[in-house]
Engineer: 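I'd like to ask some things about the structure below.
This is a predicted model, so every value here is computed, not measured. Sequence positions, counted from 1, serve as the residue numbers for this chain.
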Amino acid sequence: MQQIYTIQYLRGIAAVAVLLFHVSERHDLGFSVGAAGVDLFFVISGVIMWITTDGTAMTPAHFIQKRVKRVVPLYWVVTFATFAALLVKPAFFFNHDGSLQNLIGSLFFLPHMKDSLHPVVVQGWTLTYEMVFYLIFSLTLFFREHTTRLTLAIGSLCIMCLAPLLLDWPYLRALTSPVILEFAAGLLIGRAFVRGPDCPTWLCIGLAAVALICLAAASALDADLPRAIKWGVPSAFLVLAAVMWERRRNVEPSSILLFLGNASYSIYLWHVLFGVAIVALLLRSGIPHWAFPPIEIAAALGLSLIAYVSIEKPLGSWINRRFQSKGRALAASIT
């Protein structure tokens, strides 16, 4: 698949926004709009899943294998690292569940339930939703006709939102939150990018402007709206505007934004653990508290980028080599 630069840019922006949100939450700075980074990720996930499978003969098993290879290894590394830190310094981790039961559940994307999903890596709740989406989407790959696949995927996500009306089970209620409709929005945007009509420049600019105004207004007014509306709808408008803008014209690659986009998964997973460690050090340093947020942001982001280069990239390369060698060995045994 040809790289879509605007998608990578938005992934980097989303990861940094979530980092800023958590720093803001820790220091009571009121940057609630940063939480919309999660919703951007959900919409982008739908877009990428559609674009990378449209017109291909990818099987459900191959799709799941690719997603597991991409998501699970680093998540397990960060989960074990966070669990170890919880055992050593539990007082540093407010509202974390460091039980062995939750560790096992977190590794398999079925963490402890409080008022919501609560894995060892607190922001990892989003990956449970991602896995549910991957499972649903993988089943549509049994069908080759793209309209059928799109209808089944979106229809399944919509029906899931109605499931709590029939069965009031905490996990089901959590996993069928309307936030999963953000994946459906991403699928529609991916379909529009691949097969839809061109979007005029004025409309792309208008959609982006509306998205930013809605995000700012929801944050300023502290609107009590469902997440899928408050953050999901503006995120969908922003992603639609970005990808359709790029479809009409060349977008010059920005090395910094591309690097942030490539490193977005590491930023997202590592920043809370790094932030806790940084604050613990700052509390012993004598540095005034007003200086904590900018130092924490810079250090957590920097360490996350280092983790991307030194952990995520080598880990991904090693896993790919392992799978390729096993595939060659299997092919040799068959022939």
Engineer: For the residue pair L10 and V239, establish whether any side-chain heavy-atom pair is separated by less than 4.5 Å.
Structural biologist: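 Side-chain contact under 4.5 Å: yes.
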Engineer: Tell me, yes or no, whether the heavy-atom count around R284 atom CZ, taken from other residues, nucleotides or ligands under 6.0 Å, exceeds 12.
Structural biologist: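 Incorrect, the count does not exceed 12.
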Engineer: Would you give me the side-chain donor-acceptor pairs under 3.5 Å for residues 182-196, sequence neighbours excluded?
Structural biologist:
unit_1	atom_1	unit_2	atom_2	d
R195	NE	D54	OD1	3.1
R195	NE	D54	OD2	3.4
R195	NH2	D54	OD1	3.4
R195	NH2	D54	OD2	3.0

Engineer: Not counting sequence neighbours, list each pair that qualifies as a side chain to side chain donor-acceptor pair (under 3.5 Å) and has a residue in residues 74-92.
Structural biologist: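 For residues 74-92, and leaving out neighbouring residues, there are no side chain to side chain donor-acceptor pair (under 3.5 Å) pairs at all.
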Engineer: Got a second to check how far S45's OG is from L40's CG, nearest 0.5 Å?
Structural biologist: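 It comes to 12.0 Å.
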Engineer: Of the options I267, L273, L269, which is the one that meets S304 in a side chain to side chain contact (heavy atoms under 4.5 Å, CB included)?
Structural biologist: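 Going through I267, L273, L269 one by one, the side chain to side chain contact (heavy atoms under 4.5 Å, CB included) with S304 is satisfied by I267 alone.
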Engineer: With side-chain hydrogen bond (donor to acceptor under 3.5 Å, both in side chains) as the criterion, how do T53 and R149 come out once you've worked through the C-alpha distance, each side chain's angles and the decisive distance to 0.1 Å?
Structural biologist: CA-CA 11 Å; T53 58; R149 286 179 49 219; 2.8 Å; yes
Engineer: Kindly give the heavy-atom pair with the smallest separation between S177 and C161, and that separation in Å.
Structural biologist: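 Taking every non-hydrogen atom into account, O-SG, 4.1 Å.
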Engineer: Could you go through W50 and L150, starting from their C-alpha distance and side-chain angles, then the distance that decides it, and tell me whether this counts as side-chain contact (heavy atoms from CB on, under 4.5 Å)?
Structural biologist: CA-CA 9 Å; W50 183 265; L150 186 66; 3.8 Å; yes
Engineer: Compare every heavy atom of P253 with every heavy atom of Y9, then report the nearest pair and how far apart it is.
Structural biologist: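 Y9 and P253 have their closest heavy atoms at OH-CA, 3.1 Å.
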Engineer: Does the plane of the ring in F274 sit parallel, tilted or perpendicular to the ring in W270? Use 30° and 60° as the thresholds.
Structural biologist: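 F274 vs W270 ring planes: parallel.
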Engineer: Within this structure, what is the SG-CZ distance for the pair C204 and R247, rounded to the nearest 0.5 Å?
Structural biologist: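 Rounded to the nearest 0.5 Å, the SG-CZ separation comes to 10.0 Å.
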Engineer: Give the minimum heavy-atom separation between N102 and V120, together with the two atoms involved.
Structural biologist: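 Where N102 meets V120 most closely, the heavy atoms are ND2-N, 3.5 Å.
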Engineer: I need the minimum non-hydrogen distance between R173 and P164, along with the two atoms involved.
Structural biologist: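 Minimum heavy-atom contact is CA-CG, 4.1 Å.
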Engineer: Among all residues two or more places apart in sequence or in another chain, which pass the side chain to side chain donor-acceptor pair (under 3.5 Å) test with H22?
Structural biologist: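 Counting only residues at least two positions away or on another chain, H22 forms a side chain to side chain donor-acceptor pair (under 3.5 Å) with H271.
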Engineer: Verify, without hydrogens or angle tests, whether S266 (side chain) and A263 (backbone) share a donor-acceptor contact under 3.5 angstrom.
Structural biologist: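 No, the answer is negative, given that no donor and acceptor are paired below the 3.5 Å cut-off.
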Engineer: Just jot down the side chain to side chain donor-acceptor pair (under 3.5 Å) partners of Q8, sequence neighbours excluded, or say none.
Structural biologist: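 For Q8 the side chain to side chain donor-acceptor pair (under 3.5 Å) partners, ignoring immediate neighbours, are R11, N262.
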Engineer: Using side-chain contact (heavy atoms from CB on, under 4.5 Å) as the criterion, list what pairs up with S138, not counting sequence neighbours.
Structural biologist: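 side-chain contact (heavy atoms from CB on, under 4.5 Å) list for S138, sorted by chain: P60, F63, I64, L135.
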Engineer: With T201, which residues qualify under side-chain contact (heavy atoms from CB on, under 4.5 Å), at least two apart?
Structural biologist: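 Here the qualifying residues are I205, W245, R248, R249.
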Engineer: Taking all non-hydrogen atoms of both residues into account, name the closest pair between G37 and A17 and its distance.
Structural biologist: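 Shortest heavy-atom separation between G37 and A17 comes out as CA-CB, 4.4 Å.
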Engineer: Taking all heavy atoms of T56 and all of T52, pick out the closest pair and write down the distance.
Structural biologist: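 Closest heavy-atom pair between T56 and T52: CG2-O, 3.7 Å.
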Engineer: Atom CD1 in I4, atom CD1 in I51: separation rounded to 0.5 Å?
Structural biologist: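 Taking CD1 in I4 and CD1 in I51, the distance rounds to 3.5 Å.
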Engineer: Can you confirm whether or not the ring centre of Y268 sits under 6.0 Å from the ring centre of F41?
Structural biologist: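 Ring centres of F41 and Y268 closer than 6.0 Å.
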Engineer: Do R70 and E130 pass the salt bridge (charged side-chain N to carboxylate O under 4.0 Å, His left out) test, and can you show the C-alpha distance, the side-chain angles, and the key distance before you say yes or no?
Structural biologist: CA-CA 12 Å; R70 176 71 183 95; E130 290 278 359; over 6 Å; no
Engineer: Are more than 12 heavy atoms from other residues, nucleotides or ligands located less than 6.0 Å from atom CD of Q101?
Structural biologist: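 Counting neighbours around CD of Q101, 12 or fewer heavy atoms of other residues, nucleotides or ligands fall under 6.0 Å, so no.
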Engineer: Please confirm whether the backbone N or O of A174 pairs with a side-chain atom of Y129, one donor and one acceptor, at under 3.5 Å?
Structural biologist: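 Confirmed, Y129 side chain pairs with A174 backbone.
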